[in-house]
Amino acid sequence: MDAKKRSDGIRIRVSGLSNGLHEYHFSVEPSEIGLAAEFHNPVTVDVELDKTAHQIYLKAAVAARGTFVCDRCVEEFELSLANTYNVFYVFDEESGSSLPPEEVQFLGPDTVHVDLSEDVRQFVLLSVPLKLLCRDDCKGLCPKCGTNWNAGPCSCTQDPTDPRWLGLEKLLNN
């Protein structure tokens, strides 16, 4: 098992690497790979790399943690992100023709290192949900007084009908 811990991103030396299965573990500060301040804990990447004469198959398990603001209640919350991605590094186009094109990257004959920093950065950013919720059943804020309904009800009277729909409601009653 190969263990690497780098302070300059996430790089694996592939030049002179023997054929077979190799494992790596990286732990980097989010700023080292270009992640914003909401990511405050180290990003961990566990890599399985299988090298053959014609290609390198890489499977990376990425874990990150950040502080975000809930889209419904506007409270800060912690979110853990964990997922895996695969990449085939091939040395010529013929070797990559039978592989999924979105998972193939070409390596030149003089390539010494494979730098995963940008791939990991993009993968973490794409793992952040579009709708950020502190929890699935978040109740949000009262539109009148701004009370966080997760903490309890407010004293506002809630009109169940939006006044913008009253014109259509009249049509239904005819």
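Counting heavy atoms from C-beta outward, Leu141 and Trp149 have side chains that stay 4.5 Å or more apart. Annotation: side chain of Val124 is in contact with side chain of Leu35 (closest heavy-atom distance under 4.5 Å). Side-chain contact check for Leu58 versus Asn86: every heavy-atom pair is 4.5 Å or farther apart. Contact check for His25 versus Thr44: side-chain heavy atoms found under the 4.5 Å cut-off. Considering only heavy atoms from C-beta on, Asp137 stays 4.5 Å or farther from Asn150 through its side chain. Under the 4.5 Å side-chain criterion, counting only non-hydrogen atoms from C-beta, Leu116 is not in contact with Arg11. By the 4.5 Å heavy-atom criterion applied to side chains, Leu21 and Leu49 are not counted as neighbours. In this structure, the side chains of Asn83 and Leu81 stay at 4.5 Å or more apart for every pair of heavy atoms.
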>> What verdict does the side-chain contact (heavy atoms from CB on, under 4.5 Å) test give for Asp46 and Glu23, after you've listed the backbone C-alpha separation in whole Å, the side-chain angles of each residue and the deciding distance to 0.1 Å?
In response: CA-CA 7 Å; Asp46 290 310; Glu23 294 180 353; over 6 Å; no
> Which is it for Val43 and Phe26 under the side-chain contact (heavy atoms from CB on, under 4.5 Å) test, yes or no, and what are the steps along the way?
Replying inline: CA-CA 8 Å; Val43 176; Phe26 298 92; over 6 Å; no
> Could you go step by step and tell me if Glu75 and Asn148 meet the side-chain contact (heavy atoms from CB on, under 4.5 Å) rule?
Replying inline: CA-CA 9 Å; Glu75 294 288 327; Asn148 184 343; 3.4 Å; yes
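For the residue pair His113 and Ser15, no side-chain donor N or O sits within less than 3.5 Å of a side-chain acceptor on the partner.
Hydrophobic cluster membership is shared by Leu79 and Phe39, with clusters built from Ile, Leu, Val, Met, Phe, Trp and Tyr side chains linked at under 4.5 angstrom. Hydrophobic clustering, with ILVMFWY side chains joined whenever heavy atoms are under 4.5 angstrom apart, groups Leu125 together with Ile10. Residues Val128 and Val62 fall within the same hydrophobic cluster, defined by Ile, Leu, Val, Met, Phe, Trp and Tyr side chains chained together at heavy-atom separations under 4.5 Å. Phe77 and Val74 fall into different hydrophobic clusters, where Ile, Leu, Val, Met, Phe, Trp and Tyr are joined by side-chain heavy atoms under 4.5 Å apart, directly or via other members.
Heavy atoms from other residues, nucleotides or ligands lying under 6.0 Å from CD of Glu76 number 12 at most.
The aromatic ring centroids of Phe106 and Phe88 lie 6.0 Å or more from each other.
Residue Thr84 comes nearest to Phe123 through the heavy atom pair O-CZ, 3.3 Å, listed as atom of the first residue, atom of the second, then distance. Closest of all the heavy-atom pairs between Arg121 and Ile33 is CD-O, 2.8 Å. Shown here for Leu17 and Lys51, the closest heavy-atom pair between the two residues is O-NZ, 3.0 Å.
Residues satisfying the salt bridge (Lys or Arg N to Asp or Glu O under 4.0 Å) test with Glu78, not counting sequence neighbours, are Arg65. Under the ring pair (Phe, Tyr, Trp, His ring centres under 6.0 Å) criterion, Tyr89 pairs with no residue, sequence neighbours left out.
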